Amino acid sequence: MTAPAQIHLTLPDGSSREVPQGTTPLAVATAIGPRLAAAAVGAELDGETVDLRTPLTRGGALRIVTAGTPEAGPFVRHSAEHLLADAVRRLWPEAEYDAGRQDHSEKYQYDFRFPRPFTPEDLERIEAEMRRIIAEDAPFERIEVSREEAARIFREMGFTLKLERLADIPEGETITLYRHGAFTDLCRGPHVQRAGQVGAIKLLEASGSYFKGDERNERLQRIYGTAFSSERELAAYLEALAEARARDHRKLGPELDLFSFDPLAPASPFFHPKGAVVYNLLIDYVRELNTRNGYGEVVTPQILDVELWHTSGHWANYRENMFFTELDERQYAVKPMNCPTHCLIYAKGLRSYRDLPIRYADFGRLHRYERSGVTSGLTRVRSFAQDDAHVFCTDEQVEAEVLRAVGIIFEIYRTFEFPEVAIGIGLRPENRVGTDAQWDAAERALQRALDRQGLAYTLNPGDGAFYGPKIDFRIKDAIGREWQLGTVQLDYQMPERFGLEYVGADGATHRPVMIHRAMLGSVERFLGILIEHTAGAFPLWLAPVQAVVLPVSERFLDYGQRVRDELAAAGLRVEIDDGNEKLGYKIRQAQLRKVPYMLVVGEREAAAGTAAVRLRSGEDRGPVAVPELIAKLREAAAARRVAEL
RNA sequence: GCCCACGUGGCUCAGGGGUAGAGCACCUCCUUGGUAAGGAGGGGGUCAUCGGUUCGAAUCCGAUCGUGGGCUCCA
């Protein structure tokens with residue numbers, strides 16, 4: 001008989017232990033101390049979640065996760081899934097549960113085969129039942145079973161969905177069940193020790209879903225919920241949700257008179273004058289960067305013969321997202337992307353390697369037919385513009401051109417003060433065009449470019465476009481939500497399809513590489529995100545109204561108008577509130593409109609040639625001489641910074 | 001596209017088979033007021049659209065359009 005092999009564990013405090021292989025994290029926790037064991041909800045081995053009851057087969061960095069820490073979330077929510085399914089079964093024994101899942105946020109979900117949608121009243125009943133289950137505090141058990149045993153259990157329960165799920169588990173993988181009380185589910189874990197450790201729960205909404213997420217499959221009923229170790233954490237989460245709702249651009253946009261929608265053009269925003277100011281300033285900013293970086297702006301047609309779209313491949317791959325029209329027995333399509341028109345411009349002349357790289361920027365209006373259920377506010381629309389550009393270059397130039405684009409992207413994100421930028425490289429997908437050698441070179445070029453800048457990134461296999469790999473930039477906004485904005489994509493396909501060429505130093509013809517690049521992504525979508533990021537309080541340089549003059553009474557209207565005129569003459573966007581109201585009322589109005597600077601003028605100011613500055617933060621800056629005010633506001637707006645007032 | 005919910009004056013919402021309500025906003029008048037709502041009066045809605053049931057529909061039923069939450073997809 002041989003003694004079990006020892007494995008080596010290191011703990012967060014730097015200490016380490018040798019334990020026999022097959023020891024559970026719970027046993028380790030118990031050995032450290034009973035209080036730790038009692039508070040433990042799960043474990044992490046080398047950063048990966050592990051159930052407390054799973055025998056360890058290898059050593060590594062072990063961390064015991066305790067209730068109330070952020071790391072407890074996945075364990076708590078995964079366990080809450082089971083409590084949810086248990087509660088539904090207790091209330092409706094005929095309900096069949098399919099599978100639960102967590103998304104990347106604090107939500108989890110569970111799908112059921114149920115004859116009708118769940119109502120809000122159902123959710124309340126289920127939530128109450130879950131609380132009872134939590135109070136019962138049954139321990140979670142982890143049970144390893146054979147495939148046959150698992151199949152027998154679910155067959156007896158009449159669970160055909162589970163049998164399909166079971167069949168999807170690869171041969172040779174350990175099959176585990178988790179049980180608490182009378183409830184059993186096929187599950188990989190990990191779970192908390194006892195139901196009571198799921199401290200605070202809330203069901204959020206119900207919706208339909210499809211079995212395995214495929215719309216050809218049976219329709220199931222899904223319930224979303226969230227759970228935390230403590231009521232305090234739950235309350236903080238619900239508060240964050242409320243904050244996100246308050247910042248919703250679909251609410252703020254119309255309120256601030258930025259844009260609206262009309263049923264006659266579904267999912268197509270109408271920008272009002274104030275919204276158009278911001279919209280155009282965003283474009284002006286990108287245009288400035290384009291010019292500085294050698295991009296030449298082009299203007300291209302909106303409607304083009306379908307032949308173009310056959311050539312580009314859009315007819316074959318993108319037709320269901322396009323608008324068409326026919327005139328004089330000729331078929332046209334409204335452009336959903338700019339790249340084909342840029343290829344046409346490139347092909348207008350004989351290009352030499354000396355001409356490359358050629359960089360075309362385009363803010364052209366694009367139209368995409370999005371399915372009716374997927375549109376949303378400004379973030380998913382049918383009519384929009386991108387801060388688009390395409391670079392035609394040689395293989396050798398790819399790296400430098402990628403870096404140029406990355407540099408601009410970072411400059412932009414700095415300007416908008418996004419606290420975090422994450423980068424991912426999408427590598428070759430299953431379905432792709434081009435040779436492996438081309439992909440090797442392209443993927444290497446992207447990585448090398450980022451490495452050269454010392455930028456951290458994640459590699460996302462299979463995430464590339466069918467025509468080439470891409471870099472994606474994701475930012476976090478002011479309340480921690482992640483958005484994908486910019487993208488840099490390599491394309492070997494489009495130049496091929498359009499037969500694009502250049503004459504090399506060797507006198508032979510070569511095929512250029514095409515780089516697609518966008519920084520804001522779509523201007524519409526970016527504006528939506530920016531509204532939520534800033535809660536509608538745009539920085540000075542973007543504010544539709546930068547300052548509003550507030551006369552204390554009608555007696556000072558004349559002076560107020562002079563101040564307004566002087567600021568306006570200096571190029572500032574300024575208004576005057578000449579309403580027959582008290583100062584407090586006018587301040588409130590300006591505040592609600594999120595105007596950055598309120599300029600109060602009354603007797604003292606009129607006499608001294610000043611204006612009393614109040615910020616929208618509520619801060620009172622006192623009197624400032626009008627010429628100084630103008631100089632500081634102009635300077636700050638030009639530099640896209642806050643004014644030093 | 002599919003499932004569910006919703007659609008009442010510019011906005012937020014109440015009402016609910018017998019012929020439309022409130023607050024805010026808007027207009028007029030009074031008040032001329034120093035850092036988040038001064039007072040009084042007034043105008044404004046074919047209750048999303050179309051059809052059905054009914055003596056009678058904003059209210060019940062159906063369809064359509066739109067919006068929202070999901071599925072799926074993506075800038």
Side-chain angles (χ1 to χ4, degrees), chain A residues 103 107 109 111 114 116-120 122 204-224 245 248 250-251 254-255 257 260-267 318 320-321 336-338 366 368-388 465 472-473 483-487 489 516-529 550-557 579-593 598-605 612-616 618-623:
Chain A
D103 57 21
K107 290 203 255 182
Q109 62 197 46
D111 292 349
F114 198 65
R116 60 174 177 83
F118 290 104
T119 64
D122 289 337
L204 299 169
E205 61 220 9
S207 79
S209 65
Y210 299 97
F211 184 52
K212 296 184 190 171
D214 186 332
E215 61 186 333
R216 288 165 306 193
N217 285 346
E218 179 182 354
R219 174 160 281 280
L220 303 175
Q221 300 302 330
R222 173 171 297 175
I223 296 175
Y224 287 88
R245 257 195 302 281
D248 193 329
R250 293 168 303 187
K251 181 167 130 53
E255 255 174 43
D257 199 20
S260 63
F261 288 91
D262 190 279
L264 294 176
Y318 207 71
E320 66 282 7
N321 282 301
M337 297 184 194
N338 292 311
L366 306 177
R368 296 184 187 172
Y369 181 78
E370 300 289 354
R371 296 157 102 207
S372 62
V374 307
T375 59
S376 173
L378 246 33
T379 46
R380 195 70 188 281
V381 294
R382 289 181 176 161
S383 169
F384 63 104
Q386 292 178 318
D387 60 334
D388 205 7
D472 282 329
F473 297 82
W483 302 92
Q484 206 238 287
L485 294 181
T487 178
Q489 309 183 353
H516 305 243
R517 163 235 88 166
M519 289 139 351
L520 307 179
S522 114
V523 182
E524 277 72 3
R525 185 163 173 272
F526 185 83
L527 181 49
I529 292 166
L550 308 178
V552 167
S553 85
E554 262 168 36
R555 288 169 49 218
F556 310 107
L557 253 182
N580 179 16
E581 298 289 350
K582 289 194 184 178
L583 181 61
Y585 183 90
K586 293 181 180 181
I587 285 179
R588 177 177 157 80
Q589 294 307 310
Q591 196 77 44
L592 292 176
R593 294 168 65 203
M598 290 163 239
L599 309 176
V600 176
V601 295
E603 185 140 28
R604 297 192 291 272
E605 291 76 15
V613 176
R614 183 190 204 267
L615 311 184
R616 65 188 156 193
E619 216 174 317
D620 186 350
R621 276 358 224 334

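In what follows, chains are A, B, ... by sequence order, proteins preceding strands, each numbered from 1. Nothing here was measured: the structure is a model prediction, and the numbers come from that model.
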Examine [N]: is either OP1 or OP2 under 4.0 Å from a nitrogen or oxygen in the side chain of [X]? Give yes or no.
X	N	result
A:Arg593	B:A25	no
A:Arg250	B:G68	yes
A:Tyr585	B:A25	yes
A:Arg614	B:A36	yes
A:Arg555	B:G33	yes

What is the separation between atom [atom1] on [X] and atom [atom2] on [N], rounded to the nearest whole Å?
X	N	atom1	atom2	value
A:Asp262	B:G10	CG	P	13 Å
A:Arg245	B:U12	CZ	P	15 Å
A:Arg368	B:C74	CZ	C1'	8 Å
A:Asp248	B:U67	CG	P	14 Å
A:His516	B:C74	NE2	P	16 Å
A:Phe526	B:C74	CZ	P	22 Å
A:Arg380	B:G68	CZ	P	13 Å
A:Glu581	B:G34	CD	P	14 Å

Assign [X] to base, sugar-phosphate, or nothing according to its heavy-atom contacts below 4.0 angstrom with the strands shown.
X	value
A:Tyr318	nothing
A:Gly377	sugar-phosphate
A:Glu554	base
A:Glu605	base
A:Val523	nothing
A:Gln589	nothing

Backbone N/O of [Y] and side chain of [X]: donor-acceptor pair under 3.5 Å:
X	Y	result
A:Lys251	A:Arg245	no
A:Glu370	A:Arg380	no
A:Arg382	A:Tyr369	no
A:Glu524	A:Ala385	yes
A:Asp387	A:Ala518	no

Base-pairing assignment for [N] (Watson-Crick or G-U wobble, both under 3.5 Å):
N	answer
B:A63	B:U49
B:C26	B:G42
B:C73	none
B:U54	none

Nearest to the side chain of [X], heavy atoms from C-beta on, is which of [options]?
X	options	answer
A:Glu370	B:A75, B:U67, B:G70	B:A75
A:Arg222	B:A75, B:G70, B:G69	B:G70
A:Arg588	B:G33, B:G69, B:A36	B:A36
A:Gln591	B:A75, B:U35, B:A36	B:A36
A:Ala612	B:A75, B:G33, B:G34	B:G34
A:Ser553	B:A36, B:G33, B:G34	B:G33
A:Arg371	B:U72, B:A75, B:U32	B:U72
A:Asn580	B:G34, B:U32, B:U35	B:U32
A:Lys582	B:C71, B:G33, B:A36	B:G33
A:Ser372	B:G1, B:G33, B:A75	B:G1

Can you tell me how far [atom1] in [N] sits from the matching atom in [M], rounded to whole Å?
N	M	atom1	value
B:U8	B:U46	C1'	13 Å
B:G45	B:A20	C1'	8 Å
B:C74	B:C4	P	26 Å
B:A22	B:G9	P	14 Å
B:U67	B:C11	P	15 Å
B:G38	B:C13	C1'	26 Å
B:C24	B:A63	P	40 Å
B:G62	B:G44	P	36 Å

Could one point to a donor on the side chain of A:Glu320 or the base of B:G1 with an acceptor on the other under 3.5 Å away?
no
Calculate, to the nearest 0.5 Å, the distance between atoms NZ and OH belonging to A:Lys107 and A:Tyr224 respectively.
6.5 Å
CG of A:Leu550 to CZ of A:Phe556, rounded to nearest 0.5 Å, is 13.5 Å
Are B:G70 and A:Tyr224 stacked, with the base six-membered ring and the side-chain ring centres under 5.5 Å apart and planes under 30°?
no
5' priority, RNA chain B, between A:Glu255 and A:Ala267 [closest heavy atom]:
A:Glu255
If each of A:Gly584 and A:Asn321 is mapped to the nucleotide of RNA chain B with the nearest heavy atom, which maps nearer the 5' terminus, i.e. the 5' end?
A:Gly584
Could you tell me whether A:Glu603 atom CD has more than 12 heavy atoms of other residues or ligands within 6.0 Å of it?
no
Run the salt-bridge test on A:Asp620 and A:Arg614 with the 4.0 Å N-O cut-off and return the result as yes or no.
no
